[in-house]
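Read the structure below first, then the notes.
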Amino acid sequence: MSIREELAHTTLVLTSAEAKIVQVLLADYPMSGLGTASRLAKAAGVSDPTVMRLMVKLGYGGFAAFQAKLLAEIESRLHSPLLMMEAKRPANSSEGTVNDYFHSVSDSLERTRTAVPSQSYGRAARMLLDCKGQVVLLGGRFSRHIASMLAGYLVQFRPGVHDIGALAPTDFDLLIDLGKRDLLVVFDYRRYQSDVVSFARQARERGMGILLFTDPWLSPISEHADLTLIAAIEANSPFDTLATAVVQMETVFAHALESEGQTVRKRIEDIEGIRRANGVTLDASDFTGPGDRRTVAGDPAKWAAPFVRGKPKST
């Protein structure tokens with residue numbers, strides 16, 4: 001659990017003075033905890049000994065121990081691939097690299113599975129399906145591709161799905177038509193993108209609900225999110241893995257399918273009909289005989305030459 005989570009969800013009984021310190025720490029997190037204990041005490045309007053007593057109550061040896069953990073947390077959030085290349089050397093053999101990487105991703109998957117309550121996936125599914133307005137999906141440099149995958153799934157269940165893709169300055173204009181009836185789904189992992197964070201903050205100011213997928217270090221968007229799903233992303237590589245994020249996203253959709261599969265059957269059938277009419281996909285009925293020649297939209301005159309057995313031949 002991050003320090004912010006510890007402070008926001010502590011079950012400890014705090015005095016009014018201690019509560020003021022926690023409020024100051026959360027109001028300008030993490031910057032408020034990077035100064036001296038005296039500065040923090042002054043900002044909260046309490047005495048220096050009160051700050052020290054709170055730190056001990058929270059389980060730290062003192063303010064220095066608290067600050068050391070805070071600095072380590074900040075460093076983890078800001079790790080770039082360039083910095084991580086020094087910390088994570090490749091194995092001595094290609095076989096070792098492959099096995100080590102698969103094991104590390106498997107470990108992250110298990111940590112993700114046990115870290116998030118199953119009820120959270122059901123709640124996320126309900127947020128997606130019950131939204132009365134638009135569902136807008138957004139992600140960072142790499143994570144936006146996961147947002148697009150979820151959009152592809154979700155459009156089969158409901159209308160009003162808008163995948164922003166790569167966020168451009170003009171996309172901020174979308175905010176003018178968004179409000180309390182709408183939902184923003186954001187994928188944001190370290191190192192967090194300032195434009196994505198800014199879009200989410202402004203969406204919240206307009207009353208939008210926010211479903212956030214992020215990492216254990218928590219995107220700043222978590223301060224505004226209605227529900228946050230955390231995925232372990234560490235792997236034996238300079239780059240964090242997003243495999244856990246993909247599995248987490250698919251788990252949410254699995255919950256949606258379980259609860260609403262029969263309800264949306266007509267919509268899915270209609271979508272499949274449109275796809276067949278436009279030759280988007282190849283179905284079993286497209287295989288016409290021993291030669292396995294496949295037709296497009298049921299028209300034998302539009303055989304797709306590359307799909308015959310043996311050498312492709314021209315039509």
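Of the residues V247, T244, D240, I233, the one that meets the side-chain contact (heavy atoms from CB on, under 4.5 Å) test with S108 is T244.
The existence of a salt bridge linking R4 and E223 is confirmed by a sub-4.0 Å separation between a basic side-chain nitrogen and an acidic carboxylate oxygen. In summary, K266 and D270 engage in a salt bridge, as defined by a charged side-chain N under 4.0 Å from a carboxylate O. Ion pairing between R204 and D226 holds under the 4.0 Å rule for side-chain N and carboxylate O.
Not one N or O on the side chain of R190 forms a donor-acceptor pair closer than 3.5 Å with the backbone of W217. Looking only at distances, a side-chain donor or acceptor of Q248 sits under 3.5 Å from a matching main-chain atom of I230. Q156 places no side-chain N or O within donor-acceptor distance of the main-chain N or O of I271, the cut-off being under 3.5 Å. Side-chain N or O atoms of T214 include one that pairs as donor or acceptor with a backbone N or O of S219 at under 3.5 Å. At least one donor-acceptor pair under 3.5 Å links the side chain of R158 to the backbone N or O of L128. With hydrogens and angles ignored, the 3.5 Å screen pairs no side-chain donor or acceptor of D177 with any backbone N or O of L174. S148 places a side-chain N or O within donor-acceptor distance of the main-chain N or O of R144, the cut-off being under 3.5 Å. Proximity of a side-chain donor or acceptor of K57 to a complementary backbone N or O of V13 within less than 3.5 Å is detected. A donor-acceptor distance shorter than 3.5 angstrom exists from the side chain of D182 to the backbone of Q134, with no hydrogens or angles considered.
Atom OG1 of residue T50 and atom CZ of residue R53 lie 4.0 Å apart, to the nearest 0.5 angstrom. To the nearest 0.5 Å, the span separating CG on L40 from NZ on K20 amounts to 13.0 Å. In this structure, the separation between CD1 on I221 and CG on L184 is 7.5 Å, given to the nearest 0.5 Å. One distance of note links CG of L183 with NZ of K132; it measures 13.0 Å at 0.5 Å rounding. Here the straight-line distance linking atom CZ of F66 with atom CG of L7 works out to 5.5 Å at 0.5 Å rounding. From Y192, atom OH reaches atom OG of S194 across 14.0 Å, with rounding to the nearest 0.5 Å.
A 4.5 Å side-chain heavy-atom check between L58 and E6 finds every atom pair outside the cut-off. A heavy-atom distance below 4.5 Å is not found between the side chains of D171 and L138. Using a 4.5 Å heavy-atom threshold, the side chains of M52 and F63 count as touching. Contact check for R201 versus P220: no side-chain heavy atoms found under the 4.5 Å cut-off. Residues I21 and L14 have side chains not in contact (no heavy-atom distance under 4.5 Å, counting atoms from C-beta outward). Counting heavy atoms from C-beta on, the side chains of L34 and L71 come closer than 4.5 Å. Between R275 and N278, every side-chain heavy-atom pair lies at or beyond the 4.5 Å cut-off. Using a 4.5 Å cut-off on side-chain heavy atoms (C-beta onward), L211 and R123 make no contact.
Nearest heavy-atom pair across A200 and V186 is CB-CG2, 4.5 Å. The two residues L229 and A124 make their nearest non-hydrogen contact at CD1-CB, 4.1 Å. Heavy atoms only, all atoms of each residue included: L129 and A256 are closest at CD1-CB, 3.9 Å. Shown here for A151 and L137, the closest heavy-atom pair between the two residues is CB-CD1, 3.8 Å. Closest approach of D48 and A41 over heavy atoms only: OD1-CB, 3.4 Å. Across all their heavy atoms, A235 and V105 have their closest contact at CB-CG2, 4.1 Å.
Each of M149 and V155 belongs to its own hydrophobic cluster when Ile, Leu, Val, Met, Phe, Trp and Tyr are linked at side-chain heavy-atom distances under 4.5 angstrom. L257 and V185 end up in the same hydrophobic cluster when Ile, Leu, Val, Met, Phe, Trp and Tyr side chains are linked at under 4.5 Å. At a threshold of 4.5 Å between side-chain heavy atoms, the hydrophobic network of Ile, Leu, Val, Met, Phe, Trp and Tyr places F187 and L227 in one connected group. Both F142 and M249 are assigned to one and the same hydrophobic cluster, defined by single-linkage of ILVMFWY side chains at heavy-atom distances under 4.5 Å. Hydrophobic clustering, with ILVMFWY side chains joined whenever heavy atoms are under 4.5 angstrom apart, groups V24 together with M31.
Heavy atoms from other residues, nucleotides or ligands lying under 6.0 Å from CZ of R267 number more than 12. Applying the 6.0 Å contact sphere to CD of E205 captures more than 12 heavy atoms from other residues, nucleotides or ligands.
Listed by first then second residue, pairs satisfying ring pair (Phe, Tyr, Trp, His ring centres under 6.0 Å) with a partner in residues 143-180 read Y153-F253, F157-F253, F172-F199, not counting sequence neighbours.
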| query | Does the pair V22 and E18 meet the rule for a side-chain contact (heavy atoms from CB on, under 4.5 Å), with working shown? | reply | CA-CA 6 Å; V22 170; E18 291 168 344; 5.7 Å; no
| request: Take T114 and E110 through the side-chain hydrogen bond (donor to acceptor under 3.5 Å, both in side chains) test and state the conclusion after the steps. | output: CA-CA 6 Å; T114 57; E110 180 60 18; 5.1 Å; no
| message | Between Y189 and T241, does the side-chain contact (heavy atoms from CB on, under 4.5 Å) criterion hold? Intermediate values first, please. | response | CA-CA 10 Å; Y189 303 87; T241 180; over 6 Å; no
| said: Please determine whether side-chain contact (heavy atoms from CB on, under 4.5 Å) holds for the pair F213 and V252, giving the CA-CA distance in whole Å, both sets of side-chain angles, and the decisive distance to 0.1 Å. | reply: CA-CA 11 Å; F213 293 79; V252 171; 4.1 Å; yes
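Side-chain contact of Y60 with Q67: a donor-acceptor pair under 3.5 Å is absent, judged by distance alone.
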